[in-house]
Amino acid sequence: MSTQESLILAVGEEEVETGAQGIADTIDGWFAGITEWFAGIIFGTIPIGGHDAPVVVLWSILAAIGFTIYFGFVQFRSPKVALEVVRGKWSKPTDPGEVSHFQALTSALSATVGLGNIAGVAVAVTLGGPGAAFWMMIAGFFGMCTKFVECTLGVKYRTIDEDGTVHGGPFKYLPVAFKKLGRIPVAIITGLFAIAIILFGVAGGGMFQANQAFSQVRAVTGGEDGIFGSDMAAFLFGIGFALLVALVIIGGIKSIGSVTSKLVPAMALVYVAAGLLIIAINFQNVPAAFGAIIEGAFNPEGIAGGVLGVILIGVQRAAFSNEAGIGSAPIAHSAVRTKRPVSEGFNALLEPFIDTVVICMMTALIIIIANPASYQEALDGEDMGDVAITSDAFATVLPWFPGVLAMAVFLFAFSTLITWAYYGMQAWRHLFGKSKVGDMIFRLLICFFVVVGCMMTFSNIIDFADSALFMCIFINVIGLVILAPKVKEEMKQYLADRRAGRLMDDPEPLDSDRRVGSDR
């Protein structure tokens, strides 16, 4: 190649790169304005103790505490029942539904166990200090009961087509909860909820996952000076990732259940095994790390909002990680094969425990014990951490692990994306009906925003995703509160039949379901 040809090629590459960077900056600036407006509406505050507390965040945790008391601390009393259900002890292959209890659990976990546990924890402990991990764990414990309620309702009010296809989740039980308001208000409320699910699916389930997957791949290939250091590389990575997602999301929940029942446990085991190894190697530092977490939870230093601020950060990151109260998990869980709705409630309450209490706390301990330079820089700069901090923490003990983590992050992101594509599709069909053209438009939108997510600023994505998430929670949890007595009836009957050895028999109709004009 001649010198002139080389010069022309170099100039061409520079122009392409400059063009890609310009597009990325334009999209990021536009999205920042949208995010600021959206967050301003959703996170309206009230003054508490001299600090401004977002109403929707308070609502989510107070509702979870209320559910826990109302259901007699069911998440702490019934671990044996939950484990029986997930093993399929009281299920039959002929029960109505599409997937087993285990597949329903892993399908839902594929949308929760993932980057919220890796990047989300890094965000929590940089914005809120070590104490945020404590409040994440507490929110996880209470969130177990919220999951119990919403997933029971998702099955109770589901419908099953003649071909066996299941339709369930908030789009079935919210109209029951709000029916006294009239047809038009119900349509508006469920429509707003569907919009929120789609927005979170695009931002939290799509853009966030793609952004952090690319961030980790870039980090392990040389950073900004490596082969993935440019905006053009981000664009090409996004294209490739979007194509992989497109190949899977056509299959529906059966395809997702088949993939995630194998993929999620494998990913979780690799990540947890490496995490436990790091904790074991640094066992002498674990008490000090727990001490920092407890002290930071009740006596934080330099955190805006003091203890209340740390609590709110912990609750927000827990909700993002385990999705309790969003209404997403009931969509997956409603496809379960069962004749007893509350059985899936017991199954689902395991999710926040696995996701937040176990995996998120493990990640927080690793970051605090390892104390990588990137963590300290984020704390000193009051910046928002991301997956790179967790990766650096693992690398302090296992220098080769960031490469393995990059693979795990990619798989976590992929499984979360395909599951949220399914959730978003249900919301899309609620708004626009089911059609080949409509479904294709939605799939193209998901793939488009996967590409966009790789080229955007992390803080803009997570702020927008948080706004959509708590919009879902605000609407969904109101419905859960209204229908909580229905869940309590189901729970009492199930536990009574379990004691009497009748769980394999067809359940008797509940009193409320026998009444004229019942909700069933």
>> Please report the interatomic distance CZ(R502) to CD(Q493), rounded to the nearest 0.5 Å.
In response: 8.0 Å
>> I want to check something: taking the side chain as every heavy atom from C-beta on, are M144 and V74 in contact at a cut-off of under 4.5 Å?
In response: no
>> Which heavy atom of P330 sits nearest to which heavy atom of Y173, and what is that distance?
In response: CG-OH, 3.9 Å
> Is it true that R317 and D466 make a salt bridge, defined as a side-chain N closer than 4.0 Å to a carboxylate O?
Replying inline: yes
> If you measure from CD1 on I462 to CD on Q316, what distance do you get to the nearest 0.5 Å?
Replying inline: 9.0 Å
>> Does M456 form a side-chain contact (heavy atoms from CB on, under 4.5 Å) with F449? I'd like the steps, not just the answer.
In response: CA-CA 10 Å; M456 283 185 54; F449 281 104; over 6 Å; no
> So, do V176 and I482 sit near enough that their side-chain heavy atoms are less than 4.5 Å apart?
Replying inline: no
> Could you state the interatomic distance from CZ (F171) to OG (S334), rounded to the nearest 0.5 Å?
Replying inline: 10.5 Å
> Given side chains that start at C-beta, do those of I418 and F414 come closer than 4.5 Å, heavy atoms only?
Replying inline: yes
> Between F410 and F241, does the ring centre distance come in under 6.0 Å?
Replying inline: yes
>> Within this structure, what is the CD1-CZ distance for the pair I475 and F470, rounded to the nearest 0.5 Å?
In response: 14.0 Å
> So, N117 side chain and D355 main chain: donor-acceptor pair closer than 3.5 Å or not?
Replying inline: yes
> What pair of heavy atoms forms the shortest contact from G97 to I160, and how long is it?
Replying inline: N-CD1, 4.2 Å
> Are any non-hydrogen side-chain atoms of F134 and I138 less than 4.5 angstrom apart?
Replying inline: yes
> Minimum heavy-atom separation for V477 to A63, with atom names?
Replying inline: CG1-CB, 3.3 Å
> Counting N and O atoms only, with roles assigned by atom type, does the side chain of Q212 sit under 3.5 Å from a partner on the main chain of V387, one being a donor and the other an acceptor?
Replying inline: yes
> Counting only N and O atoms by type, is there a donor-acceptor contact under 3.5 Å from the side chain of S343 to the main-chain atoms of R340?
Replying inline: yes
>> For A324 versus G143, what's the shortest heavy-atom pair and its separation?
In response: CB-O, 3.5 Å
> Are the side chain of E98 and the backbone N or O of A335 linked by a donor-acceptor pair below 3.5 Å?
Replying inline: no
> With a 4.5 Å heavy-atom cut-off, do L495 and M491 have their side chains touching?
Replying inline: yes
> Do Y271 and T363 get their side chains close enough for a donor-acceptor pair, meaning under 3.5 Å?
Replying inline: yes
> Would you find a donor on one side and an acceptor on the other, under 3.5 Å apart, between the side chain of Q209 and the backbone of L417?
Replying inline: no
>> With heavy-atom distances below 4.5 Å as the criterion, would you say the side chains of F31 and M207 are in contact?
In response: yes
> Under 3.5 Å, is there a donor-acceptor pair between the E351 and N322 side chains?
Replying inline: no
> Does any N or O in the side chain of R158 come within less than 3.5 Å of the main-chain N or O of V336, such that one atom is a donor and the other an acceptor?
Replying inline: yes
> Under the side-chain contact (heavy atoms from CB on, under 4.5 Å) criterion, do F178 and I478 qualify, and how do the steps go?
Replying inline: CA-CA 9 Å; F178 297 112; I478 293 175; 3.5 Å; yes
> Taking all atoms of both residues into account, what is the closest heavy-atom pair of I367 and I389, and its distance?
Replying inline: CG2-CG2, 4.0 Å
> Do you know which two heavy atoms are closest between V409 and A213, and how far apart they sit?
Replying inline: CG1-CA, 3.6 Å
> Are the side chain of S391 and the backbone N or O of P402 linked by a donor-acceptor pair below 3.5 Å?
Replying inline: no
> Mind checking whether F346 and S78 have side chains closer than 4.5 Å, heavy atoms only?
Replying inline: yes
> For the residue pair F200 and Y423, is the inter-centroid distance of their aromatic rings smaller than 6.0 Å?
Replying inline: no
> CZ of F442: more than 12 outside heavy atoms within 6.0 angstrom?
Replying inline: yes
> Would you find a donor on one side and an acceptor on the other, under 3.5 Å apart, between the side chain of K89 and the backbone of L83?
Replying inline: no
> Does a side chain donor of either E323 or S328 reach within less than 3.5 Å of an acceptor in the other side chain?
Replying inline: yes
>> Could you tell me if E344 and T152 have a donor-acceptor pair between their side chains, going purely by distance under 3.5 Å?
In response: no
> Can you tell me how far CZ of F76 sits from CG of L349, rounded to the nearest 0.5 angstrom?
Replying inline: 10.0 Å
> Is there a donor-acceptor contact under 3.5 Å from the side chain of W428 to the main chain of G438?
Replying inline: yes
>> One pair to check against side-chain contact (heavy atoms from CB on, under 4.5 Å): V404 and F401. What are the steps and the verdict?
In response: CA-CA 5 Å; V404 176; F401 192 74; 3.8 Å; yes
>> Please evaluate residues F71 and V149 with respect to the criterion side-chain contact (heavy atoms from CB on, under 4.5 Å), reporting the C-alpha separation (whole Å), side-chain torsions for both, the decisive distance (0.1 Å), and the verdict.
In response: CA-CA 9 Å; F71 289 97; V149 177; 3.4 Å; yes
> Counting only heavy atoms not in K92, do more than 12 sit closer than 6.0 Å to its NZ atom?
Replying inline: yes
>> Taking the side chain as everything from C-beta on, heavy atoms only, tell me whether D463 gets closer than 4.5 Å to F38.
In response: no
> Would a distance-only check, ignoring hydrogens and angles, find a side-chain to backbone donor-acceptor pair under 3.5 Å from S215 to N211?
Replying inline: no
> To the nearest 0.5 Å, what is the distance between NE2 (H333) and CD (Q103)?
Replying inline: 12.5 Å
>> Quiz question: by atom type and distance under 3.5 Å, do the side chains of D95 and T338 form a donor-acceptor pair?
In response: no
> Within a reach of under 6.0 Å around CE of M504, are more than 12 heavy atoms found that belong to other residues, nucleotides or ligands?
Replying inline: yes
>> Can you confirm if the aromatic rings of F208 and F458 lie within a centre distance of less than 6.0 Å?
In response: yes
> Would one find more than 12 heavy atoms of other residues, nucleotides or ligands at under 6.0 Å from atom CD1 of I184?
Replying inline: no
